[in-house]
Amino acid sequence: MFRTALRQAAPKASATTASKSSELPQAFVKLPHISPALLTQYPAKKTWPPDFKTMSPQEQLKYEKRYKRKIHHIAQRPTWNKMMQLAQLGTISFVLIYCLLFADWKDERQPFYEFREWFWNSLGFEYEAPKPVARIQSQESQASVQGGSRPRQM
């Protein structure tokens, strides 16, 4: 039933597209990737962009809202956004884990010593805190700490 209707409509469509191809605007004729038959077979319901000079302010607002909604929808890239969120989560997690478990703070007392000890011992490893690096102080600064005053410059 539908096949018969399509067969009967096909010769009529080809005859009408041949006559309408000369009526196409010049902008559509220059597009090589769009056939003129498709442009005449499925004409646009409304012209775009609309003429805002002839519209009321309410209609203008309606078109502006529609345009903004379409642009917002087009600008959404869910795959890219998801990948960026995963990259941020991975980076932050890596930095926190590194600082908590592996970073050498070069301080006399490690700020996360208790946590590191609990974590590695719960996994069955013996944890030893790294030995603090002795700070090398100049003789003048040592003398000022011990003597209470700075040596005079002459």
Side-chain angles (χ1 to χ4, degrees), residues 2-3 6 9-10 13-14 17 20-21 23-151 153:
F2 291 115
R3 291 180 185 171
L6 288 174
S14 63
T17 54
K20 288 186 178 180
S21 64
E23 300 171 7
L24 288 174
Q26 289 298 324
F28 293 129
V29 174
K30 292 179 182 177
L31 297 174
H33 61 279
I34 299 176
S35 68
L38 288 176
L39 293 173
T40 56
Q41 189 177 5
Y42 303 106
K45 293 179 181 177
K46 296 180 182 179
T47 59
W48 186 261
D51 186 16
F52 282 96
K53 295 176 184 173
T54 60
M55 291 183 177
S56 68
Q58 289 85 8
E59 289 177 322
Q60 289 178 8
L61 181 64
K62 181 183 78 168
Y63 273 102
E64 287 174 5
K65 284 184 177 181
R66 180 181 298 165
Y67 181 72
K68 284 182 183 179
R69 186 175 63 241
K70 286 181 179 181
I71 292 298
H72 180 72
H73 180 69
I74 291 170
Q76 293 298 317
R77 297 175 293 195
T79 306
W80 174 260
N81 292 345
K82 185 71 166 184
M83 290 300 154
M84 285 297 106
Q85 288 176 350
L86 288 174
Q88 289 173 355
L89 178 67
T91 304
I92 292 170
S93 301
F94 173 77
V95 168
L96 285 176
I97 290 171
Y98 179 78
C99 289
L100 286 173
L101 298 177
F102 303 107
D104 185 15
W105 294 88
K106 295 182 182 170
D107 198 358
E108 294 177 6
R109 184 183 180 283
Q110 297 286 332
F112 303 112
Y113 173 75
E114 291 84 11
F115 177 76
R116 288 180 184 181
E117 185 179 24
W118 168 82
F119 180 79
W120 292 115
N121 290 337
S122 65
L123 291 179
F125 297 104
E126 295 276 335
Y127 177 72
E128 294 180 15
K131 296 178 182 176
V133 178
R135 294 186 181 169
I136 300 172
Q137 296 178 350
S138 66
Q139 292 178 355
E140 291 180 4
S141 62
Q142 287 178 355
S144 65
V145 171
Q146 292 173 357
S149 65
R150 244 177 112 179
Q153 298 285 334

In terms of relative ring orientation, are F119 and F115 parallel, tilted or perpendicular, with 30° and 60° separating the classes? parallel

What pair of heavy atoms forms the shortest contact from D51 to T54, and how long is it? O-OG1, 3.0 Å

For residues 86-102, run the donor-acceptor check on the side chains, cut-off 3.5 Å, and write out each pair with its distance to 0.1 Å, sequence neighbours left out.
{"unit_1": "T91", "atom_1": "OG1", "unit_2": "A87", "atom_2": "O", "d": "2.8"}
{"unit_1": "S93", "atom_1": "OG", "unit_2": "L89", "atom_2": "O", "d": "2.7"}

Nearest 0.5 Å, what's the CH2-CD distance between W120 and E126? 13.5 Å

Can you establish whether the number of heavy atoms outside F112 located under 6.0 Å from its atom CZ is more than 12? yes

All heavy atoms of A103 vs all of R116, minimum pair found to be O-NH2, 2.5 Å

Test side-chain contact (heavy atoms from CB on, under 4.5 Å) on Y127 and Y113 and set out the steps. CA-CA 9 Å; Y127 177 72; Y113 173 75; 3.6 Å; yes

For Q85, all residues meeting side chain to side chain donor-acceptor pair (under 3.5 Å), sequence neighbours excluded: none

Scan R66, Q60, E64 and name whichever one has a side-chain contact (heavy atoms from CB on, under 4.5 Å) with K62. R66

